[in-house]
Amino acid sequence: MHSNKASEPDATFHPSPSTFVTPGQLVSPVVLIVDDIADNRVLIHHVLRRENYTIVEAGDGEEALSMALLHTPDIILMDAMMPVMDGFEASRRIREHETIQNTPILMITALNDMDSKIRALECGVNDFIAKPFDRTEMLARIRSTISLHTKLMRKEKELKQLNQELEERVEERTRELKRQERYNRAILDSEENLVCVVSHDIITDANRAFTRFFPDISAGSSLQHLTNHFQASEKDGFLNCFEAEWYLGLFDKTNDRHKLRIEHKGKTHIFNIHATNMLYHSGVSKEEYDHDNRFIIVFSDVTEFETLKESRVRDIKLASIGKLAAGITHEINTPLAYMKGNMELMKMDVDEIGDETLKSTLLESMDTINEGISRISTIVDTVREISKKTETKREPTNIYQTLIYALRMIYNRSKQISNITLNGTLFSMDMNRDQEVYEAKVVKQRIEQVWIIILNNALDELAKSRQFDERRLDITIDETPAAIRIELKDNGGGIREDIIENIFDPFVSTKTHQGMGIGLNIAKKIIDEHRGTITAENEDDGAKFTVLLPK
């Protein structure tokens, strides 16, 4: 395919009879080809003609959106530059529609500047195929992308089914509580749930399970006293529920659920809270129970249930990411093997050249190519290692080695932003991963995830300030008899004072206009899982993260 437009776009595009499909009759994967040049569409159609695909075509971005909504394709091959609506805007608009927002988009374009690629990614493009394209590469990318998309959709369906099952269990639990609430004294005798009665923000009664769990709270204690056990982020929210409309609001006669976390003997418990007016089930009129300020509150411990749910969702996501990485490394290894073999044959031919000057030049160029091939092989090996099935069992692991893997994963980005040192040595892709040994029992892939999160955050901040030669990102690792200590320090300006105390809370982001603020929260949860600690502070002109991992 030519990188420049070969002819003017058609005034009106009409799909050929062989490519037009009727919704609901598709039995094979649907490929939507979007290009304003008819010859280009024909060429791509010709490449795909022997594959078991149903082909749909569109002549511009606006028509692509309509065709995508009509046929729900399995993949979209999108041209970048088109009249009416270009490929960038079309991709962005596709991501706004629920029925097609997850459809993979491969942009076929001659644009190779970084700004265009970043713009395309921001608009929702998954990957690129450069013009002129290679037929084998295009077919391989289409196959692998469709296969991965199909698997992800299957996983999503399984996840929805799991969520439905979990919701059914919660609803069943709620129905049980509603039946119990008809007999308030029977509820107070319950040993399964923590139950208390509240009147005018004062606890007037509680069951034995409640007093065992909160031995410092008794009849006459205020709700403020009770909330001293809540996590700080939930304390005020709970008390605000007790304002004027609370009794007919969050925990009223509809028995809505409110979830909160309570610290008890160093452990966090997750509770669903249910409350109802004590007269609601007694048959009195609404006017009567509206004026009665006695409420019964039931705390149901769902810690195990929520932990199981979060763990299952996380495992499904990690498994999908692992399969994606494994597929990518497989696709890279095939052409890499061809390159290695052909380079060996070429070297044999070059050795027979009589012109020593030409021979020397060619061998030098081939050494440079071989060095690049070796670097790609190293990256592929690293991705393959990290994409192995994530185990939850902790095993003796060299923490120095996990840092090397993480640094290799971010190398293509870091080399454009800042040099990185590890124990005083400037990092390079050929650094020996076993040069130093600091062993701890960890889940290897989870710890590598922590380093990648922190390193990427540091690079984000470094990219905003200073010149390349002035930027610093230093990693040190040492050990004590009980733990491994890792410090990651940059000179990117430090963490804002207004967020530094809550930096590990969910949705607290160091980035002003981007980022969801969940990366460092994930990192802390992983370190907590390993019974370690992670802290953040400002030092000199940058941020320093310190991680302690028990041996």
Side-chain angles (χ1 to χ4, degrees), residues 266-268 314 318 378 381-383 385-411 414 418-459 461-462 472-492 494-495 500 503-504 510 519-540 542-551:
K267 181 180 178 182
T268 299
R314 183 189 65 207
L318 289 176
T378 301
D381 289 341
T382 301
V383 173
E385 181 70 21
I386 292 179
S387 67
K388 288 179 180 177
K389 182 179 179 182
T390 301
E391 300 291 343
T392 57
K393 182 180 178 182
R394 299 178 198 170
E395 297 179 345
T397 303
N398 183 1
I399 303 302
Y400 183 90
Q401 187 180 94
T402 66
L403 287 165
I404 294 292
Y405 277 126
L407 288 167
R408 287 177 178 176
M409 288 297 292
I410 66 161
Y411 179 72
S414 67
S418 173
N419 288 324
I420 302 177
T421 64
L422 177 56
N423 275 0
T425 302
L426 184 65
F427 173 75
S428 63
M429 289 294 286
D430 57 358
M431 183 177 286
N432 183 1
R433 65 184 184 180
D434 297 313
Q435 181 173 319
E436 300 182 39
V437 177
Y438 300 89
E439 191 171 280
K441 293 188 72 172
V442 298
V443 181
K444 180 174 178 292
Q445 288 84 359
R446 300 281 283 165
I447 293 300
E448 289 164 356
Q449 185 181 1
V450 172
W451 310 143
I452 291 173
I453 289 171
I454 298 176
L455 289 168
N456 273 322
N457 274 5
L459 292 173
E461 298 305 314
L462 286 167
R472 297 286 299 174
L473 178 48
D474 300 314
I475 307 170
T476 58
I477 177 172
D478 56 24
E479 61 183 327
T480 67
I484 306 297
R485 177 187 178 91
I486 304 94
E487 288 187 356
L488 302 97
K489 185 178 183 302
D490 64 67
N491 64 344
I495 304 168
I500 191 167
I503 192 66
F504 296 108
T510 59
L520 290 176
N521 178 255
I522 292 173
K524 185 178 188 307
K525 287 182 178 179
I526 294 173
I527 298 302
D528 288 346
E529 289 171 2
H530 289 79
R531 302 184 185 279
T533 62
I534 178 171
T535 58
E537 60 184 315
N538 287 327
E539 186 176 286
D540 299 330
K544 182 175 77 173
F545 286 83
T546 304
V547 176
L548 288 177
L549 289 171
K551 291 184 177 180

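For reference, positions follow the sequence shown, starting with 1.
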Any heavy-atom pair between the side chains of I453 and Q449 that's under 4.5 Å?
yes
For N521 and F504, what are the C-alpha separation, side-chain angles and deciding distance, and is it a side chain to side chain contact (heavy atoms under 4.5 Å, CB included)?
CA-CA 5 Å; N521 178 255; F504 296 108; 5.6 Å; no
Do L549 and I399 have side chains that get closer than 4.5 Å, going by heavy atoms?
yes
For a 4.5 angstrom cut-off between non-hydrogen side-chain atoms, does T546 reach I534?
no
Mind checking what makes side chain to side chain contact (heavy atoms under 4.5 Å, CB included) contact with T476, not counting sequence neighbours?
N423, E487
Got a salt bridge between K551 and E439, using NZ or NE/NH1/NH2 to carboxylate O under 4.0 Å?
no
Side chains of F427 and T421: does their closest heavy-atom pair fall under 4.5 Å?
no
Spacing of D490 atom CG and E539 atom CD [to the nearest 0.5 Å]:
11.0 Å
Side chain N491, main chain R472, donor-acceptor under 3.5 Å:
yes
Evaluate M431 against T425 for side chain to side chain contact (heavy atoms under 4.5 Å, CB included), listing each step before the verdict.
CA-CA 9 Å; M431 183 177 286; T425 302; 3.6 Å; yes
Between I486 and Y438, is any pair of side-chain heavy atoms under 4.5 Å apart?
no
From L488 atom CG to I454 atom CD1, the distance as rounded to the nearest 0.5 Å
5.5 Å
Measure across I452 and A406 and return the closest heavy-atom pair with its distance rounded to 0.1 Å.
CG1-CB, 3.8 Å
Roughly how far, to the nearest 0.5 Å, is CZ of R394 from CD1 of I447?
9.0 Å
What is the distance from atom CD1 of I404 to atom CE of M429, rounded to the nearest 0.5 Å?
10.0 Å
Would you check, one step at a time, whether the test side chain to side chain contact (heavy atoms under 4.5 Å, CB included) holds for R485 with D478?
CA-CA 5 Å; R485 177 187 178 91; D478 56 24; 3.1 Å; yes
Among I527, T480, T535, T533, which residue meets the side chain to side chain contact (heavy atoms under 4.5 Å, CB included) test with L548?
T533
Side-chain donor/acceptor of H530 to backbone N/O of V443, under 3.5 Å:
yes
For N398 and E436, the nearest pair of non-hydrogen atoms, with its separation, is ND2-O, 2.9 Å
Can you tell me how far NZ of K524 sits from CG of L520, rounded to the nearest 0.5 angstrom?
11.5 Å
Lys/Arg N to Asp/Glu carboxylate O, D540 vs K489, below 4.0 Å
yes
Could you tell me whether the side chain of N538 and the main chain of I495 form a donor-acceptor pair under 3.5 Å?
yes
Please report the shortest heavy-atom distance between A458 and L473, naming the atom on each side.
CB-CD1, 4.0 Å
Looking only at non-hydrogen atoms, find the nearest pair between K444 and T402 and report the distance.
CG-CG2, 4.1 Å
Do you know the tightest heavy-atom contact between L407 and L422?
CD1-CD2, 4.4 Å
Mind checking side chain to side chain contact (heavy atoms under 4.5 Å, CB included) for S414 and listing every partner two or more places apart, or none if nothing turns up?
I410, Y411, I420, L459
Pairwise side-chain contact, I484 with V547, heavy-atom cut-off 4.5 Å (strictly under)
no
Considering all heavy atoms of both residues, which atom of P550 and which atom of G532 are nearest to each other, and what is their separation?
CD-CA, 3.8 Å
Ion pair check, E529 and K525, cut-off under 4.0 Å
no
Could you check whether any side-chain heavy atom of I475 comes within less than 4.5 Å of a side-chain heavy atom of L455, counting everything from C-beta outward?
yes
Would you say L403 and W451 make side-chain contact, with heavy atoms under 4.5 Å?
yes
